[in-house]
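Working notes, beginning with the structure itself.
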Amino acid sequence: MVVLDDITDPAAVESWWPNSPRGKGWTLATTRLNDPRLTGGGRARIDVDVYSPDEATAYLTSRLTHGAKAHLIDDQAISLTLSGILEFSGAPP
């Protein structure tokens, strides 16, 4: 499996796509682009929305608590998580 994270230039990753949908291996790509060069040739687009601030806080709290890292949960961790979610979504802070 090849993971192409945060594609910003579809032409730059063209050689990484499998030759056919029945080829060996998989390619997973993430991007904020809605570019037609990223679909076709057996590729499928799956839109995934960002977490809401409440969802992000709940996810972070759950992961750290179940990972025996609850001591890392504080106001700064929550604040940084929420600022990243808002930045990614394009929403004003």
Where Ile7 and Leu33 come nearest, the two heavy atoms and their spacing: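 Heavy-atom minimum between the residues: O-CD1, 3.6 Å.
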Which pair of non-hydrogen atoms, one from Arg43 and one from Arg37, has the smallest distance, and what is that distance?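 Scanning both residues, the minimum pair turns out to be NH2-O, 3.0 Å.
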Would a 4.5 Å heavy-atom cut-off, applied to side chains only, mark Trp17 and Leu38 as touching?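 Contact flag for Trp17/Leu38 side chains = yes.
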With a 4.5 Å cut-off on side-chain heavy atoms, are Thr27 and Leu4 touching?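 They are in side-chain contact.
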Pairwise distance CG(Asp9) to CG(Asp35) - rounded to 0.5 angstrom: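 Between atom CG of Asp9 and atom CG of Asp35 there are 9.0 Å.
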Under 3.5 Å donor-acceptor, Arg45 side chain and Pro36 backbone: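 No, Arg45 side chain to Pro36 backbone: no donor-acceptor pair under 3.5 Å.
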Would you say the side-chain atoms of Asp6 and Thr30 include a donor-acceptor pair closer than 3.5 Å?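 Short answer, no.
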